[in-house]
Amino acid sequence: MLEEEYQLDYFKAQGFVRKTCKACGAAFWTRDASREVCGDAPCEPYTFIGNPIFRPHTLDTMREAYLSFFERQGHTRIERYPVVARWRDDIYLTIASIADFQPFVTGGIVPPPANPLTISQPCIRLNDLDSVGKSGRHLTTFEMMAHHAFNTPSEEIYWKDRTVELCDQFIASIGGDINQVTYKENPWIGGGNAGPSVEVLIGGLEIATLVFMSLGRQKTQEKGYDLKGEMYYPMKLRIVDTGYGLERLVWASKGSPTIYDAVFPEMVSHVMGLAELDHMLGNKDFAKILALNAKYAGLMDISGTNLFNLRKKVAAAIDISPDKLDKMITPVEKVYAIVDHTRCLAFMLGDCIVPSNVREGYLARLVIRRTLRLMNDLRIKEPLADLIEQQFRILGNRKFEQDIAVVREIVDRETEKYAATLERGTRIVQKVAKTYKAKSQRVPLSEVMTLYDSHGIQPEMVKEIAAREGAVVDLPDNFYSIVADMHSESKKEVEEDKTAKYMDRVRALPPTKKLYYEQPADIEFEAVVLDFFDEYAVLDQTLFYPEGGGQPADTGTLVSAESMVRVDDVIKVGEVVLHHITGGVLQRGERAKGMVDEERRLSLMRHHTATHILLHASKEVLGAHIHQAGAQKGADSSRVDIRHFKHITPDELHRIEIAANRMIMTSQPVEISIEDRTRAEQKYGFSLYQGGVPPGRDIRVVKVAGDIEACAGTHCQNTGEVGMIKIIRVEHIQDGIERIEFTAGVAAIYYMQHLEQIVNTSADILSVQPENLPATVTRFFTEWKDQKKEVERMSGKLVDLETRTLVAEVVGGVNVVIKRIDLPQKELSALASSVAEKGGVALVAGGGETARVVLASGDSRVNAGEIIGQVCSLLGGKGGGKPSMAQGGGPDINQLDLALKVGRERILASLHD
RNA sequence: GGGCCGGUAGAUCAGUGGUAGAUCGCUUCCUUGGCAUGGAAGAGGCCGCGGGUUCAAUUCCCGCCCGGUCCA
């Protein structure tokens, strides 16, 4: 980035000088001409610990100080957005305040909710999860306080000078000495945008970043810049994107040893108490160690082996062994991590994330399990739900959409699930360990991989449990990267977009007038054919709904003067609707009459409206966290996938069904309006985006019985037209997602008639009244089981009886029984083996549909497995088994006597050898 | 969405192309004044569901259902 970007009039007027850091070589601005380093880590250590640089503040007072300062400077205060970025399809969690306004506001498509504005946005970043608690400064959750100004070519709000000036003034307003502040030049690139940026440093701490987003990847007439090999060009919109770290400001205002002591002191002391570490709290020497630890940690990246180096450094400074230090400090680090993680979870669950093994739900589960592990390490018995509830209270209940009772239930469930996984895991590892120990081998890496991949058992745990069993485990340091490599081999399939290839062809055509929105109840229309290619017809206007939003396309017919054709598919390319035609062609310029298949269209509309109703009914019954995870409408039945943390019970399903049908019976009007995206978001919240995030400045808002969504589908005009909703089944798609399959309108009636028929037919078969079906079926089933047992007993007796009447010939001192007994195979086996058990040889055969032969041998000279093959081949079949016991059969029952004769000869021959 | 592992007695799990097993629990009896315990006997299985291969499938193959788990 060019140097002149940072030559601000404000810097000059205030007497700043531009210097180059002696340590890192970066350029920075300062009022202190004698300054030599930039003020950033690792060039400069923390100076504020034990020596606060602002007036003391809590999170709440600091936030208020910030927001009201910027309000006084003409900014509008905006409510925070959720920590789960439901308006984005590229990220799961809100990672910065500017993320609230991407991509539509920053892309210039939609105006901002206010301009300029100020906000304190809770953000979650899990990339530094490992460092949380250890470094003294890392957090998973932080509030990014910001003021944003969006400058357009026609309206300039303010730009770099004013932004830096506001920063100075704000720092002064909370008691900071602006002479200590440095502004470090640090060009910013991210998410396809770039611009000059300065880091705001004081006391060795970066407290804010001021970004001037002014470049984008889109090529323009103006001169471009090459940044890290990519070309960037000036954007029309220039955005002031600032980010002030609320927690860091509070930390610097208190000068406590770690950021954790500063931002959540009540929770730290509470969890310390639970871990029985209270004695550490008042200990001054210990506070010194922590401060020292944080200071050094601030100077280094502590991931991986660096943590050991940090320990060594701190240990050397206070003259104790690194081991001893580690024992002292590790439990406290875990306490900090627990406090941080529970706050993170309060935000995640409070903003309605449902833990699962997909998407943001996976991240929530990750944090939950990590926290449970930490609590277990410290032998904290208090339920995790209690800790999260306390965080809820500290943060203020009103901030969250989700009810604390539901949050508690979710957490308790997750806790139980994790305990079950651990228990199961322990057993599996013990078994594996024993196996390898018995073979006196090491447990191979492949085994550890399977345990992790398939059973979710951490390698460290495998090692620990195996050690208890006395087995050694092969575990390389780069275990996780090996796992990652294994997974990355899976190929990604690129889905072909059929609309893409018509993009150019369609560009010249005017947008199709969408009669299906204007007159959704109509089924006939007239239009002019604008274009015809590849069996696709483009009309000036249409009633045919193109596939989209989980609703399939309409079908129907088009009639022109020349021909009558079927419309079997309809797609939308940009704003142009393409009708796929079969059975003829259409000419450009001719008039055509269109007729939509009425039944199908009506049914699709009913199902679509029903989807909204059902979603709202589910929310009423199950809780605020219910969000749509996908939906597919059909003419006969439809399904909607919802995020929920447990199986929906039959009772809940009934209540949902009733609630949904009540909404139908009250015949509430369906309201559809086109609204400005930002205003709609402010008005209705982000549950608008149940079915995904539509592009564009305006969105189509559909209100159905209290459900408000951005939706492009066709709908009934009031809920009564849906007729009825019948839930067919609920399916558990994957962890955290339940699929409700249902049918609506006439299709629902057909479905119930079908059910009725199944019941009636079944009742007829048993000659009972439908009401008695369950009782009768139960009776039949138990009787069937009893009789099966009875048959078994009888068979046993039969075998006994037969055994006693068997006449054996004695050959070479061995009893040989050859007999045809028409019994099932199982009994034949029992019979033969009872002879063999006494040292005899028995060849028994039975007839029926096919011949069955069993040969059991209690004499080593007679190999049953060999002889049976020959016997069965005579029957046109095969057989086999062990030397002591063989079975077989074949279709030629007539040959049975011959087969027995040959068998007898073979047995006798064997005994004579 | 992609991958991997699993589904056998009430529970936990062995096992096998050829008569379904162990341990705990359960029932009854014996030992004891009673309990812990010890001994004996017994009940309890659509070997997840549906198809295929085979003389024969709980076992092999395919599809489905259910549970677990890793990754994006």
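Just so it is clear: chains get the letters A, B, ... in the order the sequence lines come, proteins before strands, and each one is counted from 1.
Here B:G3 presents its P atom at 17 Å from CE of A:M449, a figure rounded to the nearest Å. Going from atom CZ of A:R424 over to atom P of B:C70 covers 10 Å, rounded to whole Å. To the nearest angstrom, P of B:G1 lies 11 Å from CZ of A:R643. To the nearest angstrom, C1' of B:C4 lies 9 Å from NE2 of A:H455. The nearest whole Å value for the distance from the OH atom in A:Y452 to the P atom in B:G3 is 19 Å.
Pairing analysis of RNA chain B (Watson-Crick: purine N1 to pyrimidine N3 plus N6-O4 or O6-N4; G-U wobble: N1-O2 and O6-N3; both under 3.5 Å) yields stems of 3 or more pairs at B:1-7 with B:65-71, B:10-13 with B:21-24, B:26-30 with B:38-42, B:48-52 with B:60-64.
Scored by the ring-ring contact (aromatic ring centres under 6.0 Å, His included) test, A:F686 finds A:Y81, A:W87 as partners (sequence neighbours excluded). For A:P883, the side-chain contact (heavy atoms from CB on, under 4.5 Å) partners at least two apart in sequence or on another chain are A:N863. Remark: A:Y436 engages A:V432, A:K439, A:Q441, A:V443, A:P444, A:E447 in a side-chain contact (heavy atoms from CB on, under 4.5 Å) (not counting sequence neighbours). Taking the side-chain contact (heavy atoms from CB on, under 4.5 Å) definition, one finds that A:L911 meets it with A:V811, A:V814, A:V816, A:D859, A:R861, A:V862, A:I907, sequence neighbours left out. Looking at residues two or more places apart in sequence or on another chain, you find a side-chain contact (heavy atoms from CB on, under 4.5 Å) between A:E657 and A:N661, A:K726, A:I727. By the ring-ring contact (aromatic ring centres under 6.0 Å, His included) test, A:H647 pairs with A:H732, sequence neighbours left out.
Counting any heavy atom pair closer than 4.0 Å across all strands shown, A:R729 reaches no nucleic acid atom.
Closest-nucleotide positions on RNA chain B for A:T450 and A:M885 were compared, and the one nearer the 5' end corresponds to A:T450.
Residues A:I728 and A:S637 are in side-chain contact: their nearest non-hydrogen atoms beyond the backbone lie under 4.5 Å apart.
Looking only at atom types and distance, the side chain of A:H644 has no donor-acceptor partner in the side chain of A:E738 under 3.5 Å away.
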Below 3.5 Å, can you tabulate the donor-acceptor pairs from side chains in residues 825-846 of chain A to any protein atom, sequence neighbours excluded?
| unit_1 | atom_1 | unit_2 | atom_2 | d |
| --- | --- | --- | --- | --- |
| A:Q825 | OE1 | A:R852 | NH1 | 3.0 |
| A:Q825 | NE2 | A:Q887 | OE1 | 2.5 |
| A:E827 | OE2 | A:S795 | OG | 3.3 |
| A:S829 | OG | A:Q825 | O | 2.9 |
| A:S833 | OG | A:S829 | O | 2.8 |
| A:S833 | OG | A:A830 | O | 3.2 |
| A:S834 | OG | A:L831 | O | 2.7 |

Quiz: residues 890-905 of chain A side-chain donor-acceptor pairs under 3.5 angstrom, not counting sequence neighbours:
| unit_1 | atom_1 | unit_2 | atom_2 | d |
| --- | --- | --- | --- | --- |
| A:R904 | NE | A:E809 | OE2 | 2.8 |
| A:R904 | NH2 | A:E809 | OE1 | 2.9 |
| A:R904 | NH2 | A:E809 | OE2 | 3.4 |

Polar-atom pairs under 3.5 Å, protein N or O versus N or O of nucleotides 10-12 of chain B: list them with distances, or write none.
| unit_1 | atom_1 | unit_2 | atom_2 | d |
| --- | --- | --- | --- | --- |
| B:U12 | O3' | A:R427 | NE | 3.1 |
| B:U12 | O3' | A:R427 | NH2 | 2.9 |

Taking N or O atoms only and anything under 3.5 Å, show me the protein contacts with nucleotides 64-67 of chain B, one pair per line.
| unit_1 | atom_1 | unit_2 | atom_2 | d |
| --- | --- | --- | --- | --- |
| B:G67 | OP1 | A:H647 | NE2 | 2.7 |

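With salt bridges taken as basic N to acidic carboxylate O contacts below 4.0 Å, none links A:E792 and A:K788.
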Inset, instruction - Encode nucleotides 42-56 of chain B as B, S and - characters from 5' to 3', where the letter depends on protein heavy atoms closer than 4.0 Å: B to the base, S only to sugar-phosphate, - to neither. - result: --SS---------B-
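Put simply, the residue from A:L372, A:T371, A:L384, A:I368 that forms a side-chain contact (heavy atoms from CB on, under 4.5 Å) with A:E414 is A:I368. With A:Y418 as the fixed residue, the side chain to side chain donor-acceptor pair (under 3.5 Å) test singles out one of A:E423, A:R369, A:R373: A:R373.
Taking atom P in both B:U27 and B:C62, the straight-line distance is 45 Å, to the nearest Å.
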